[in-house]
Amino acid sequence: MARFERVNLAPAEWGRTLSTFPDAIVYQSPAWLSFLAETQKGEPVLAVLKEGDQSLGYFSGLVVRRLGLKILGSPFRAWTCPYMGLNLLPTVPRRVAAAALPAFAFRELRCHHFEMVDSRMTLEDVDGLDLNREPRASYVMDLTQSEETLLANMNSYRRRDIRRAEKHRVIIEEAQDQAFAAEFSEQLKDVFAKQGLVPTFGVERVRALVRHLAPTGMLLRLRARDPEGHCIATGVYLGMQSAAFYWGGASWRQYQNLHPNELLQWYAMRYWKKRGLKTYDLVGTMDFKARFGGSQITISMISKSKYRFLALLRTWAPAVFRTGSRLVWKAKRLVMGKPAVGFV
């Protein structure tokens, strides 16, 4: 029977090991684990999956403490990290690794709860296992196609918006300066305010991301400017080996008629394509992302709690957080003397 054993690998050694797996993604890299350890105040965990003396692959995650509870996340909600999970030999089913996770999390690590989102684990992979599973859907672009095909696959409105942005002389630039984090964060506040919410993270999270990822070449920061030179939108994108991901975007509402967000996405696709990456994951299925013409995928988030009440708490937490965020937004509006209407 397969089992996980914790291993202590230096960042450079883990990076070399990870590079040998074709399913490796940026969210498992040493730089990303370092970023998570700083921003989530957690302890990185690496484990080798073994059957007898044979190594079948690896697991990466982070152990954190929340409300006195020990949690193994790979990843966990609000980490601004859609996937982590497994790196397995091509012949090893992901079901084998999923079945071995509870014993590792509860017995070896002494955790009270664990959850994992692996970018290649389907609902069928874990069907019948004693695990909670939740579907996660996303749109993924095939970057091996020509630019002409990528454009042709987009919704006609999306192609029109890209042309309009170019007609309005919106300029996209690759940002290298320290001001980017503050610009992105301020614009993100405006995005959330439109929905009566506040961002789940602040400027320090973005600065930490830049500090850890920028030196690796796996981070792309883009800034959109109008013809007068104003920064009207920003975007953050990550890529490693064969896969790229949309990390986040933000813009000022008064400039959205210039369609900078659409042009930012188109620039990012071409950027990673030119560097030989094969896929671009938009991370989600909201309408804005659907119109770029990617293929929809559905993977499985798996989780398990040592005690039943923890599973219930995990289920209720998102709704409680959304309500709290809206109350904070409404309170700020009232302090500023502005009406807080339209949200409950």
Legend entry - Parallel, tilted or perpendicular: ring planes of Trp247 versus Phe201, cut at 30 and 60 degrees: tilted

Inset, instruction - Classify the ring geometry between Phe4 and Phe104 as parallel (under 30°), tilted (30 to 60°) or perpendicular (over 60°). - result: tilted

Any side-chain donor-acceptor pair under 3.5 Å between [X] and [Y]?
| X | Y | result |
| --- | --- | --- |
| Gln28 | Tyr58 | no |
| Ser300 | Glu134 | no |
| Tyr139 | Asp281 | no |

Legend entry - Side chain Arg275, main chain Gln241, donor-acceptor under 3.5 Å: no

Inset, instruction - Could you go through the side-chain contact (heavy atoms from CB on, under 4.5 Å) check for Lys304 and His113 one step at a time? - result: CA-CA 6 Å; Lys304 190 174 179 65; His113 175 84; over 6 Å; no

Inset, instruction - Determine whether more than 12 heavy atoms belonging to other residues, nucleotides or ligands lie under 6.0 Å from atom CZ of Arg169. - result: no

Inset, instruction - Can you establish whether the number of heavy atoms outside Lys289 located under 6.0 Å from its atom NZ is more than 12? - result: yes

Inset, instruction - Identify the residue among Lys273, Gln265, Arg270 that makes a side-chain hydrogen bond (donor to acceptor under 3.5 Å, both in side chains) with Tyr280. - result: Gln265

Inset, instruction - Among Arg207, Arg205, Arg211, find the one that has a salt bridge (Lys or Arg N to Asp or Glu O under 4.0 Å) with Glu38. - result: Arg211

Legend entry - Pair Phe35 and Trp32, ring centroids less than 6.0 Å apart: yes

Inset, instruction - Give a yes or no on whether the ring-centroid distance for Phe292 and Trp266 is below 6.0 angstrom. - result: no

N/O donor-acceptor pairs under 3.5 Å from side chains in residues 214-237, not counting sequence neighbours:
residue: Thr216; atom: OG1; partner: Leu213; partner atom: O; Å: 2.6
residue: Thr216; atom: OG1; partner: Met218; partner atom: N; Å: 3.1
residue: Arg223; atom: NE; partner: Glu183; partner atom: OE1; Å: 2.7
residue: Arg223; atom: NH1; partner: Glu173; partner atom: OE2; Å: 2.7
residue: Arg223; atom: NH1; partner: Asp177; partner atom: OD1; Å: 3.1
residue: Arg223; atom: NH2; partner: Asp177; partner atom: OD1; Å: 3.1
residue: Arg223; atom: NH2; partner: Asp177; partner atom: OD2; Å: 2.9
residue: Arg223; atom: NH2; partner: Glu183; partner atom: OE1; Å: 2.8
residue: Arg225; atom: NE; partner: Glu173; partner atom: OE1; Å: 3.2
residue: Arg225; atom: NE; partner: Glu173; partner atom: OE2; Å: 3.3
residue: Arg225; atom: NH1; partner: Gly229; partner atom: O; Å: 2.8
residue: Arg225; atom: NH2; partner: Glu173; partner atom: OE2; Å: 3.3
residue: Asp226; atom: OD1; partner: Glu228; partner atom: N; Å: 3.0
residue: Asp226; atom: OD1; partner: Gly229; partner atom: N; Å: 2.9
residue: Asp226; atom: OD1; partner: His230; partner atom: N; Å: 2.8
residue: Asp226; atom: OD2; partner: His230; partner atom: ND1; Å: 3.0
residue: Thr234; atom: OG1; partner: Gln187; partner atom: OE1; Å: 2.9

